[in-house]
Amino acid sequence: MIKVDLSHAKLAEDLNDYKDKVAEIHDMIHNKTGAGNDFLGWVELPTNYDKDEAARIKAKAAELSKEIDVLLVCGIGGSYLGARAAIEAINGLYPTNKVEILYIGNTFSSTYLAQIKEYVKDKEFGINVISKSGTTTETSVAFRIFKELLEETKGKEVAARRIVATTDAHKGALKTLADQEGYEEFVVPDDIGGRYSVLTAVGLFPIAMAGIDIDAMMEGAKAAQDHYNNPDLATNDAYKYGVARQILGKKYPAEMFVTYELQLSNVAEWWKQLFGESEGKEGKGILPHSAVFSTDLHSLGQFIQEGSKVLFETVLKVTKPQLDLTVPSDPDNLDNLNYLAGKTVDYVNKRACEGTIDAHVNVGGVPNIVIELDEMNAYSFGYMVYFFEKACALSVYLLGVNPFNQPGVEVYKKNMFKLLGKPGYEK
Ligand SMILES: O=P(O)(O)OC[C@H]1O[C@H](O)[C@H](O)[C@@H](O)[C@@H]1O
């Protein structure tokens, strides 16, 4: 399903030197003995996720899909990126499923929110409000605005039926509100942090609303859980990737995650939070960056090829496209393109990928890690998520950092609260 190719990575160290350390960290993860060990619920989630809740998710999604045309997914960071990554990667950017999925709660941009308000005001819409803490300000502000709109246009009873809250099982403002209003509630497990939560209700409900098979996604994740439950660096590709990026990280401050499909740009955003928030602390970490090729080769390609040597690339290559087209033959051939007639567009895309890797690695001196995924569907998405989660935990432990906290995120919030006059933050 996933193959990691390090033949273009130009590693300055032997992977094998990390064998013992990796086996040790594998034990730390599985025996929960490392820093942040109360956030390791994702490790066995594909096996022991709440099946009753999954059934409720499917039932509510089926029921709500009959009633609404637009679902507003109201969350930020780990509370929306995974769902968005999955929905776009699997359904594409112009999907045919009945319910349109839009994202709010991920910004204070008044223009963005006002435009969405205008767009949905005469439509049949519902809201999935998602927040582990239940107090994130971006999410709370957007939810208040759209809850009011829904209640005003449809009445409180219909609104309560069309609002689904995904939050902590026991505490937080959103939990209190959901209990009081009688919303359908789903749970963010205590032992799973936001950036590791896509395979919980956080991701599964919006993904189900997009018409995607969440059982297949969890089966894919389970296959990856079994496959990567293996301390042997020589055969565990998730660990190979985790180690390789740390070896490269000693020389290069940035890692550029590259895909060749526009619909994977939010997989990159999800990946950036996963690695950036897990690793960027104590003055350490590789800056996670991303690009979609060949699109960005026409903007960033020059820098990558010949600019300062600050990055290595991690290329996610999906072998089989979901759809394909053939370049037509043209008798006049005025555009001189007949040499491609009869070839598929994906054939061209793959040659662009091969040519770019060769140019960047062998001419530009930019190391490439290539991660090959055979296809993109619900099953393989679940598999891929688990692969990156496991690789991330290993990689960040290898750096000597707790992968599961994010103390730095609070600093801007405190400043903002002070400036906004939030009670308790005045001085
Ligand atoms: O789910 P929430 O509690 O609303 O949090 C949403 C996001 O914002 C926080 O500030 C954290 O940095 C993220 O890790 C989290 O995913």
Side-chain angles (χ1 to χ4, degrees), residues 35-36 38-42 45 72-86 103-109 113 127-147 163-178 183 185-207 266-282 285 287-288 385 388-389 392-393 396 401-420 422 425:
D38 41 354
F39 282 100
L40 283 163
W42 57 272
L45 181 73
L72 300 177
V73 172
C74 185
I76 197 164
S79 286
Y80 94 107
L81 281 170
R84 187 171 194 169
Y103 302 90
I104 58 169
N106 54 346
T107 180
F108 288 128
S109 164
L113 292 172
I127 309 170
N128 180 200
V129 54
I130 310 165
S131 178
K132 183 174 165 74
S133 62
T135 54
T136 300
T137 318
E138 287 86 342
T139 305
S140 305
V141 167
F143 181 55
R144 187 183 271 215
I145 291 167
F146 286 89
K147 171 181 179 282
I163 294 173
V164 172
T166 308
T167 190
D168 189 275
H170 315 286
K171 57 180 192 301
L174 179 56
K175 169 72 185 157
T176 310
L177 180 72
Y183 302 151
E185 291 178 40
F186 298 122
V187 170
V188 192
D190 289 341
D191 56 357
I192 299 182
R195 57 188 173 277
Y196 275 83
S197 70
V198 50
L199 300 174
T200 71
V202 169
L204 294 182
F205 183 70
I207 291 169
N266 272 294
V267 170
E269 296 308 312
W270 168 81
W271 173 92
K272 278 187 211 167
Q273 187 196 1
L274 182 64
F275 282 85
E277 225 177 37
S278 297
E279 184 168 69
K281 49 200 85 150
E282 300 174 23
L287 172 72
V385 159
F388 281 121
E389 288 178 346
C392 181
V396 177
V401 166
N402 174 358
F404 304 115
N405 62 359
Q406 56 284 332
V409 183
E410 298 309 313
V411 183
Y412 100 87
K413 291 184 190 172
K414 280 195 189 124
N415 284 349
M416 180 180 71
F417 292 152
K418 216 186 288 172
L419 293 166
L420 290 169
K422 181 173 175 169
Y425 289 84

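Order of appearance sets the numbers: ligands from 1, and atoms from 1 within every ligand. Basis for what follows: all heavy atoms, side chains included, without hydrogens, waters or symmetry-related copies.
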A.B. asks: Between Y80 and Y103, what is the ring plane arrangement, given parallel below 30°, perpendicular above 60°, and tilted in between?
C.D. replies: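 Correct class here is tilted.
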
A.B. asks: Is the distance from the ring center of F404 to that of F39 below 6.0 Å?
C.D. replies: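 So the answer is no for these two rings.
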
A.B. asks: Is a side-chain donor or acceptor of S133 paired with a backbone partner of T135 at a separation under 3.5 angstrom?
C.D. replies: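 Judged by distance alone, yes, a pair lies under 3.5 Å.
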
A.B. asks: Hey, which atoms in ligand 1 end up nearer than 4.0 Å to a heavy atom of S79?
C.D. replies: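 Here the atoms of ligand 1 in question are 1 (O), 2 (P).
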
A.B. asks: Who pairs with K171 by side-chain contact (heavy atoms from CB on, under 4.5 Å), at least two apart in sequence or on another chain?
C.D. replies: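 Applying side-chain contact (heavy atoms from CB on, under 4.5 Å) to K171 gives D168.
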
A.B. asks: For ligand 1, is any non-hydrogen atom under 4.0 Å from K132's backbone (N, CA, C, O), its side chain (CB onward), both, or neither?
C.D. replies: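 It is both parts that get close, each with some atom under 4.0 Å.
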
A.B. asks: Under the ring-ring contact (aromatic ring centres under 6.0 Å, His included) rule, collect the residues that match up with F205, sequence neighbours excluded.
C.D. replies: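 Partners of F205 under the ring-ring contact (aromatic ring centres under 6.0 Å, His included) test: F186.
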
A.B. asks: Tell me whether E410 reaches ligand 1 (any heavy atom closer than 4.0 angstrom to a ligand atom).
C.D. replies: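 E410 does not count as a contact of ligand 1 under the 4.0 Å cut-off.
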
A.B. asks: What atoms in ligand 1 come closer than 4.0 Å to a heavy atom of T136?
C.D. replies: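 Under 4.0 Å from T136, ligand 1 has these atoms: 2 (P), 3 (O), 4 (O), 5 (O).
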
A.B. asks: Once you restrict to heavy atoms under 4.0 Å, what part of V409 touches ligand 1? Side chain, backbone, both or neither.
C.D. replies: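 Answer for V409: side chain.
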
A.B. asks: Within the side chain of K132, is there an N or O that forms a donor-acceptor pair under 3.5 Å with the backbone of P189?
C.D. replies: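 Between the backbone of P189 and the side chain of K132 there is a qualifying donor-acceptor contact (under 3.5 Å).
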
A.B. asks: Which of the numbered atoms in ligand 1 are under 4.0 angstrom from any heavy atom belonging to K413?
C.D. replies: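 Once the distances to K413 are compared, the set is 9 (C), 10 (O).
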
A.B. asks: What protein heavy atom sits nearest atom 16 (O) of ligand 1, and how far off is it?
C.D. replies: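 Checking every protein heavy atom, the shortest distance to atom 16 (O) of ligand 1 gives G78 N, 2.8 Å.
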
A.B. asks: If we ignore hydrogens and angles and just use 3.5 Å, is the side chain of T139 paired with the main-chain N or O of C74 as donor and acceptor?
C.D. replies: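 Side chain of T139 to backbone of C74: no pair is present.
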
A.B. asks: Tell me which one of Q406, E277, E138 gets a heavy atom nearest to atom 14 (O) of ligand 1.
C.D. replies: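 Considering heavy atoms of Q406, E277, E138, the nearest to atom 14 (O) of ligand 1 sits in E277.
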
A.B. asks: With the threshold set at under 4.0 angstrom, would you say I76 reaches ligand 1 through any of its heavy atoms?
C.D. replies: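 Heavy atoms of I76 do come under 4.0 Å of ligand 1.
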
A.B. asks: As an exercise, identify every atom of ligand 1 less than 4.0 angstrom from a heavy atom of S133.
C.D. replies: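 Heavy-atom distances to S133 below 4.0 Å select 2 (P), 3 (O), 4 (O).
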
